[in-house]
Amino acid sequence: SAFNQHKEVWLKEDISIKSQIRSISAVISEQADPSQLLCENEICEFLNSMQEEFKAFEVGTIQPVWEFIEDMQQWLLKPDTSNANDIKPIYETMTSQQNHILD
């Protein structure tokens, strides 16, 4: 589903960011004197806080849209839906918003 694809992309990005953090941390540890380690910790704390903020943003905004779209798809696929025509414009609007989020 689209939500799972979205999740997979962010998981790959998360792995990439963590790998970069480890690489940068290793370089800083090798080249920095002990007085500069505080700066490294501050950078890591900042990056972690940014990741936490993004996860909170995703849970509060993006994830509900994806879940709603998936629910609508399931509802539209039920053979006994008599109100499907009333819901289709809402579904199309949500799909449009989803595409806008992806862009």
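Note that the structure is a prediction, hence the values are computed from the model and not measured. Residue numbers start at 1 and run along the sequence shown.
Expressed to the nearest 0.5 Å, how far CD of Q51 lies from CD1 of I21 amounts to 5.0 Å. Distance CE/M50 to CZ/F46: 4.5 Å, rounded to 0.5 Å.
With hydrogens and angles disregarded, no donor-acceptor distance shorter than 3.5 Å links the side chain of S19 to the backbone of I15.
Under the salt bridge (charged side-chain N to carboxylate O under 4.0 Å, His left out) criterion, the residue pairs touching residues 8-28 are E8-K12, D14-K18, with sequence neighbours excluded.
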